[in-house]
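Scroll down for the structure; my scribbles are underneath it.
This chain uses plain numbering: 1 for the first residue, then up along the sequence.
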Amino acid sequence: MAHTAIQFANAEDKQEFSKYPTKAGRRSLSRSISQSSTDSYSSAASYTDSSDDETSPRDKAQVNTQGSSDFCVKNNKQAEFGRREIEIAEQDMSALISLRKRAQGEKPLAGAKVVGCTHITAQTAVLIETLVALGAQCRWTACNIYSTQNEVAAALAETGVPVFAWKGESEDDFWWCIDRCVNTEGWQANMILDDGGDLTHWVYKKYPNVFKKVRGIVEESVTGVHRLYQLSKASKLCVPAMNVNDSVTKQKFDNLYCCRESILDGLKRTTDIMFGGKQVVVCGYGEVGKGCCTALKALGAIVCITEIDPICALQACMDGFRVVKLSEVIRQMDVVITCTGNKNVVTREQLDRMKNGCVVCNMGHSNTEIDVASLRSHELTWERVRSQVDHIIWPDGKRVVLLAEGRLLNLSCSTVPTFVLSITATTQALALIELFNAPEGRYKQDVYLLPKKMDEYVASLHLPNFDAHLTELSDEQAKYMGLNKNGPFKPNYYRY
């Protein structure tokens with residue numbers, strides 16, 4: 001199989017594409033960074049990586065036991081171990097398994113050809129195999145170069161799911177994998193499940209004929225949703241899209257509760273930091289920022305916030321946090337965490353002013369928030385001290401500790417709670433079912449929120465885990481409130 005770098009049709013396409021933020025990594029310029037990103041110093045996202053094998057997966061001939069070679073993973077011999085990881089995840093994703101059992105007979109996704117670009121973890125594998133059980137054909141790639149669990153990718157490939165991903169991809173690998181998912185003979189996607197918008201934009205730019213025939217797009221990240229709204233505003237979105245990120249079950253649970261736990265996990269695994277008394281600044285007080293701040297404050301850290309939105313800023317004040325400008329406090333900070341979804345939130349000038357030993361990391365989806373590119377300069381020295389942990393050394397000896405090269409901390413450096421991912425995955429599956437089966441005309445060429453009734457259904461599927469019992473409205477109560485006894489129970493404008 002010949003492997004070539006992805007080519008753009010013309011210079012204008014390349015220039016246009018480069019405007020959009022991506023999560024793809026870059027091959028490092030310094031010796032210390034060029035070490036394999038699969039070194040297993042800590043229990044980060046993949047557990048069976050070996051830094052001994054430097055051969056690119058693209059250069060290996062791999063065949064699964066069914067004789068298929070339509071995949072590209074790090075090591076397909078890890079499939080058995082990956083299967084055990086998936087089985088463990090299934091135990092805490094009962095709602096998704098329940099959905100699988102309830103809908104398996106009617107196959108609501110029969111005929112769906114789903115191309116997906118998400119983090120490839122044991123939890124995502126449960127989602128993918130649920131979609132397959134519901135009748136879909138799936139092809140999958142990774143939305144982040146560091147979050148893939150190699151053994152899980154191998155397990156998926158063994159079951160016949162064409163998956164193209166491995167931990168530690170280069171930028172060229174990243175786009176090659178996306179292209180292999182989309183561009184295959186005799187198969188054309190009619191549904192897109194995306195996390196970050198890179199897959200959607202790749203299909204839009206490189207395969208416009210495929211894009212026009214897609215029946216729906218499901219997107220789960222702030223970054224990807226922002227890019228969809230940009231396309232819609234420019235009248236270039238020719239298919240309906242579902243904004244899963246702003247559904248209540250995604251935003252509150254994945255963004256807030258998940259980050260409340262995983263921020264500490266990622267920081268502890270990489271730095272062994274003691275939080276009590278540490279000066280921490282969190283850039284952004286959206287749902288992710290709220291979760292991070294709650295956890296850090298509970299462990300005794302002294303937390304302050306930066307915000308552009310007066311409403312979020314006032315919330316931070318009422319929750320007991322100081323709202324500051326980053327440039328005014330940067331010299332005192334022990335930890336700097338970004339979670340805004342924006343770019344250049346932490347600039348080179350601010351990095352220059354940080355104290356010795358300051359830990360810098362990102363909890364937003366894209367790798368645009370910290371100006372890492374400016375640190376790849378001749379006067380600074382990079383030292384890889386453990387997997388996903390780099391010391392950036394200034395000429396005067398000052399060190400800044402950079403985690404995951406500015407990429408998403410929790411999925412690059414640790415794991416996230418399976419139960420929360422069950423909620424997100426169930427939401428994604430229902431969004432795909434809704435878009436794929438919607439009668440013509442229900443959804444125009446625009447971006448939609450998940451219907452409230454589905455949000456409530458996702459939540460109800462997870463309540464048995466807590467032995468929770470809902471109160472039912474009486475006929476009189478339902479009439480008094482103007483509600484259907486079976487929901488939805490809140491108007492669309494209600495803020496949870």
Side-chain angles (χ1 to χ4, degrees), residues 42-45 222 251-309 311-342 345-346 350-351 353-365 367 369-370 386 388-389 399-404 406-417 419-421:
S42 64
S43 51
V222 174
Q251 192 175 72
K252 287 291 179 186
F253 296 90
D254 195 339
N255 294 12
L256 176 64
Y257 299 120
C258 172
C259 293
R260 189 174 70 184
E261 299 194 20
S262 60
I263 178 65
L264 302 180
D265 190 18
L267 285 168
K268 284 284 190 187
R269 290 198 200 196
T270 49
T271 65
D272 306 312
I273 193 172
M274 178 85 180
F275 293 104
K278 286 291 189 300
Q279 297 271 357
V280 181
V281 59
V282 176
C283 302
Y285 201 65
E287 297 298 332
V288 173
K290 288 180 174 71
C292 292
C293 292
T294 302
L296 291 161
K297 183 180 181 181
L299 287 187
I302 302 162
V303 183
C304 55
I305 309 296
T306 71
E307 251 302 339
I308 60 165
D309 186 327
I311 296 174
C312 291
L314 186 57
Q315 283 183 305
C317 292
M318 297 298 285
D319 288 335
F321 300 110
R322 283 179 59 221
V323 177
V324 299
K325 290 186 177 180
L326 186 60
S327 58
E328 294 174 357
V329 299
I330 196 68
R331 289 187 187 279
Q332 290 81 47
M333 292 299 114
D334 297 300
V335 183
V336 178
I337 302 167
T338 57
C339 41
T340 68
N342 210 329
V345 178
V346 178
Q350 290 162 340
L351 288 158
R353 294 174 58 214
M354 286 177 183
K355 70 185 331 188
N356 183 49
C358 183
V359 177
V360 185
C361 64
N362 169 46
M363 283 290 284
H365 182 80
N367 63 331
E369 303 206 28
I370 302 162
R386 70 167 58 160
Q388 313 297 354
V389 182
R399 291 172 182 249
V400 165
V401 183
L402 179 65
L403 306 182
R407 293 179 181 82
L408 184 58
L409 173 73
N410 54 6
L411 276 157
S412 296
C413 299
S414 62
T415 58
V416 294
F419 182 75
V420 167
L421 291 182

- Shortest non-hydrogen pair, Val389 vs Leu403, comes out as CG2-CD2, 4.0 Å
- Item | Heavy-atom closest contact (Gln332 atom, Gln279 atom, distance) | O-CB, 3.6 Å
- Query: Out of curiosity, Leu421 CG to Thr415 OG1, how far, rounded to the nearest 0.5 Å?
  - Reply: 9.0 Å
- Identify the heavy atoms of Phe321 and Val303 that sit nearest to each other, and give their distance. CD2-O, 3.6 Å
- Step by step, would you call Thr306 with Val324 a side-chain contact (heavy atoms from CB on, under 4.5 Å)? CA-CA 5 Å; Thr306 71; Val324 299; 4.2 Å; yes
- Query: More than 12 foreign heavy atoms under 6.0 Å from CZ of Arg322: is that the case here?
  - Reply: no
- Message: Using only atom types and a distance under 3.5 Å, with no angle test, would you say the side chain of Lys297 pairs donor to acceptor with the backbone of Ile302?
- Response: no
- Note on the structure: CD of Gln388 to SG of Cys413, rounded to nearest 0.5 Å, is 5.0 Å
- Query: Would Met363 and Ser262 satisfy side-chain contact (heavy atoms from CB on, under 4.5 Å), going step by step from the backbone distance to the final call?
  - Reply: CA-CA 10 Å; Met363 283 290 284; Ser262 60; 4.1 Å; yes
- Query: Got a second to check how far Leu299's CG is from Thr294's OG1, nearest 0.5 Å?
  - Reply: 11.5 Å
- Task: With the side chain counted from C-beta on, respond yes when Ile273 and Asp334 share a heavy-atom pair under 4.5 Å apart, and no when they do not.
- Result: no
- Message: For Tyr285, is there any backbone N or O sitting under 3.5 Å from a side-chain donor or acceptor partner on Glu307?
- Response: yes
- Flag side-chain contact, heavy atom, 4.5 Å: Val346 against Met354: yes
- Query: Going by heavy atoms in the side chains, are Lys252 and Glu287 under 4.5 Å from each other?
  - Reply: yes
- Short question: side chain of Asn356, backbone of Arg399 - any donor-acceptor pair under 3.5 Å? yes
- Task: Specify the closest pair of heavy atoms between Ile263 and Ala295, including all atoms of both residues, with the distance to one decimal.
- Result: CG2-CB, 4.1 Å
- Message: Looking at Lys325, I want to see if its NZ is surrounded by more than 12 non-hydrogen atoms of other residues, nucleotides or ligands under 6.0 Å.
- Response: no
- To the nearest 0.5 Å, tell me how far Asp272 CG sits from Arg386 CZ. 4.5 Å
- Which is it for Ser414 and Lys268 under the side-chain contact (heavy atoms from CB on, under 4.5 Å) test, yes or no, and what are the steps along the way? CA-CA 9 Å; Ser414 62; Lys268 284 284 190 187; over 6 Å; no
- Task: Please report the closest heavy-atom contact between Gly406 and Leu402, naming both atoms and the distance.
- Result: N-CD1, 4.0 Å
- Message: Suppose we screen for side-chain contact (heavy atoms from CB on, under 4.5 Å). Which residues come up paired with Asn362, at least two apart in sequence or across chains?
- Response: Thr338, Glu369, Ile370
- Check Val282 against Gly289 and note the closest heavy-atom contact, atom names and distance. CG1-CA, 4.1 Å
- Enter the distance from Asp265:CG to Leu409:CG here, rounded to the nearest 0.5 Å. 9.0 Å
- Query: Looking at SG of Cys293 and CG of Asp319, how far apart are the two atoms once the value is rounded to the nearest 0.5 Å?
  - Reply: 8.5 Å
- Query: Do Thr340 and Val288 pass the side-chain contact (heavy atoms from CB on, under 4.5 Å) test, and can you show the C-alpha distance, the side-chain angles, and the key distance before you say yes or no?
  - Reply: CA-CA 8 Å; Thr340 68; Val288 173; over 6 Å; no
